[in-house]
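We number each residue from 1, following the sequence as shown.
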Amino acid sequence: MSADAARAAVGTLVAELGTSPPPGRLRAALRRSLRDPALEVGYWLPDLPGFVDIEGKPFDPATAETATATYVHDAHGRIGVLTHRAVAPAEAPLLDGIVSAVRLVLENERLHAESRARLMELEQRRFFTDLIVDNAPVYFAVVDGEGVLTGGINDTLLAVLGIPKTENVRDRHYWDVVCLPEDEDAARARLALVASGGAARVEETRIRSASGEPRVVEWRDTILPDERGQLKWIVRAGLDVTERNEREHELRRLIEEQAALRRVAIVVAKQASLNELVRTVAREVGELLGGHTAAVVRAEGTGIRVVDGWAAPGGRSVDAGRFVELEGVASVTARALETGSPQRLVAVDDDAGRLWQSLEINSAIAAPIFVDGEVWGAINTTRNASAEPFRAGAEEGLADMAALVALALANAAAREELNASRARIVRAGDEARRKLERDLHDGAQQRLVSLAIALRLADAHLQKSPETARGILRAASEDLAGALAELRELARGLHPAVLTDRGLGPALQVLADRAPIPVQVENGLEDRLPTAVEAAAYYVVSEALANVAKHADASAAEVRLHRVDGTAFVEVIDDGVGGAVASTGSGLRGLADRVEALGGRLRVARGAEGGTRVAAEIPCG
């Protein structure tokens, strides 16, 4: 293309564009002038990342469909770029003229592209901010100086309040939308303080909740001024601390509960009296759980007897020693005794509810007390009608206290039984010695004394009357045989010879053979047991069979003997009238002491098919 043609084309372009063409006209004009329909124009924005197109969108010359990029500069530097097809050398003057001619138009369009790019950036930032604000786990509310929701609230807070996104809350007062009725005045005063320039301290308040349970929120207020520095908005940012507060409350409750258990454990360790222990436990239970009364009761027949208790100041007193009939009454304590598990009053329209309501009690919980696997009694606590019910799970904490009471009772019972056992052992030893003395004095000793006298008489008649002496000696010989027989019988009562010589199984068979009723022995032992274990088992069977013969009115009995994992088991079962009790009578009680001294246990119970079952478990180790 000649220089004249190039100048003419440039002139035509300048005339087409004019002094102030609308945005986007430049690219169309350049495409016609260079006869390149793929030509693109990029605008350099130094404050933004790289080139943009006329709409303000990012533009990368390297990814353009055309092969050539021509950069446009002014006195201050790069202002734009043209991407186009490769230009032949003959067309170079045309391209240079076009670039020179469009600098001013390109600069004007660059300003337009920059404004579009910045607007897009602001929109993206606003979208990003709205996205974060609406989905953040933090609550946001924007109000003016009068507490009106001019900026609304974010989606997170809307969801908690149960307000649909489609509902318009703008132009409503903040406290009418967010706060509980009883907290509205405090919120109004708070926002008025912040609007007047007061210190924007952190504040905890409750808000409404779609679930019906108030949420606890920690609020921080920030003032946003207008261009004159005056208050425009107050932004309330709230962090939901309900769970945190609940965890802290639960932690404090656990600490208080452990402290109460520790104080009760100290009383238990001191081996305090039952009344002191009960008063301590009742007070700790009442104060820990916020009860107005607390009591420990013992099961007695068809009812309970109050051991002792505690009452809050001004509360209804607990009558120690009072008996309460429970038959036909579905009280919370009766439920605990019947089920063997912690219970609570859950309704006011049943028998239990009417009972407690008549006593002006709103809430009651109880937990059973077990001693040696049996229900001993219960511990309960109540709240007056004006108070809230006990918190959920409070009865489980009460069960922990019941366990400590049970431990103390078991320890006290064990101490009492130990002392009683020691006394019985001493008495049994004294009685055994006295009996041995009587048996020796009345039996063998008398015969031996008579024998000594007879020998002296025989000696006196030996010279004068040998026949008389021989008669005396024959009588003395008979007395000596009788004395030996009595001594053997006495020795057999102390420890059977057959037990020492042949072991427990044969010794029990001898007992069975001597019994006045048929007795079957089932011996499952393969080896001998330790001497003390054999002796204890022998005397258990001996005493049990003696009781069968005296009291059971039985027609038959059975003795079972076996050993499992280091423990010997011996049982005596009869088909009599039953009724034997280990705790009464010196015989079985003494056997229980003997068995327990070896670390074993003696139980007397009704047989599966009637009669009596005496069973001993004795460790062999």
Are the side chain of [X] and the backbone of [Y] linked by a donor-acceptor contact shorter than 3.5 Å?
{"X": "R172", "Y": "V177", "value": "no"}
{"X": "S196", "Y": "A192", "value": "yes"}
{"X": "D575", "Y": "A556", "value": "yes"}
{"X": "R344", "Y": "F390", "value": "yes"}
{"X": "N523", "Y": "L504", "value": "no"}
{"X": "T293", "Y": "T381", "value": "no"}

Chi angles and distances behind the side chain to side chain donor-acceptor pair (under 3.5 Å) call for T280, E284: CA-CA 6 Å; T280 300; E284 294 291 349; over 6 Å; no

I'd like to check [X] versus [Y] (side-chain heavy atoms, cut-off strictly below 4.5 Å). Are they in contact?
{"X": "I153", "Y": "L158", "answer": "yes"}
{"X": "Q343", "Y": "E395", "answer": "no"}
{"X": "L326", "Y": "I304", "answer": "yes"}
{"X": "E571", "Y": "V614", "answer": "no"}
{"X": "V285", "Y": "L398", "answer": "yes"}
{"X": "V570", "Y": "V541", "answer": "yes"}
{"X": "E204", "Y": "V216", "answer": "yes"}
{"X": "I379", "Y": "V281", "answer": "yes"}

Where do V604 and T612 land on the side chain to side chain contact (heavy atoms under 4.5 Å, CB included) test, with the steps shown first? CA-CA 7 Å; V604 179; T612 302; 3.9 Å; yes

For residues [X] and [Y], report the shortest heavy-atom separation together with the two atoms involved.
{"X": "G377", "Y": "L337", "result": "O-CD2, 3.3 Å"}
{"X": "V306", "Y": "A295", "result": "CG1-CB, 4.5 Å"}
{"X": "A210", "Y": "G162", "result": "CB-CA, 3.6 Å"}
{"X": "V296", "Y": "W376", "result": "CG1-CZ3, 4.0 Å"}
{"X": "L602", "Y": "V595", "result": "N-CG1, 4.2 Å"}
{"X": "S555", "Y": "I517", "result": "O-CB, 4.0 Å"}

Can you tell me if [X] has over 12 outside heavy atoms packed within less than 6.0 Å of its [atom1]?
{"X": "E396", "atom1": "CD", "result": "yes"}
{"X": "E374", "atom1": "CD", "result": "no"}
{"X": "E167", "atom1": "CD", "result": "yes"}
{"X": "E213", "atom1": "CD", "result": "no"}
{"X": "D176", "atom1": "CG", "result": "yes"}

Please output the side-chain donor-acceptor pairs of residues 560-567 that fall under 3.5 Å, not counting sequence neighbours, one pair per line with the distance.
from	atom 1	to	atom 2	distance (Å)
R560	NE	E558	OE2	3.1
R560	NH2	E558	OE1	3.4

After noting the C-alpha distance and the side-chain angles of R208 and E184, does the key distance pass the salt bridge (charged side-chain N to carboxylate O under 4.0 Å, His left out) rule? CA-CA 11 Å; R208 304 172 188 267; E184 291 181 5; 3.6 Å; yes

For D319, enumerate each residue passing the side-chain hydrogen bond (donor to acceptor under 3.5 Å, both in side chains) test, keeping only those at least two apart in sequence or located in another chain. none

Is any side-chain N of the basic residue among R190 and D221 closer than 4.0 Å to the acidic one's carboxylate O? yes

Name all pairs fulfilling the side chain to side chain donor-acceptor pair (under 3.5 Å) condition that reach into residues 303-313, sequence neighbours left out, sorted by first residue then second. R279-D308, E300-R305

[X]: side chain to side chain contact (heavy atoms under 4.5 Å, CB included) partners, not counting sequence neighbours:
{"X": "A568", "value": "L529, V533, C620"}
{"X": "L598", "value": "A532, A536, I618"}
{"X": "V160", "value": "Y139, I207, R215"}

For the pair T333 and S331, evaluate side chain to side chain donor-acceptor pair (under 3.5 Å) and give the outcome as yes or no after the intermediate values. CA-CA 5 Å; T333 303; S331 74; 4.7 Å; no

Nearest 0.5 angstrom please: [X] [atom1] to [Y] [atom2], how far?
{"X": "F140", "Y": "D155", "atom1": "CZ", "atom2": "CG", "answer": "12.0 Å"}
{"X": "R188", "Y": "W175", "atom1": "CZ", "atom2": "CH2", "answer": "5.0 Å"}
{"X": "L511", "Y": "E543", "atom1": "CG", "atom2": "CD", "answer": "11.5 Å"}

Let's go through T302 and E325 carefully: what are the C-alpha distance in whole Å and the side-chain angles of both, what is the deciding distance for side chain to side chain contact (heavy atoms under 4.5 Å, CB included) to 0.1 Å, and is it a yes or a no? CA-CA 6 Å; T302 58; E325 178 63 56; 2.7 Å; yes

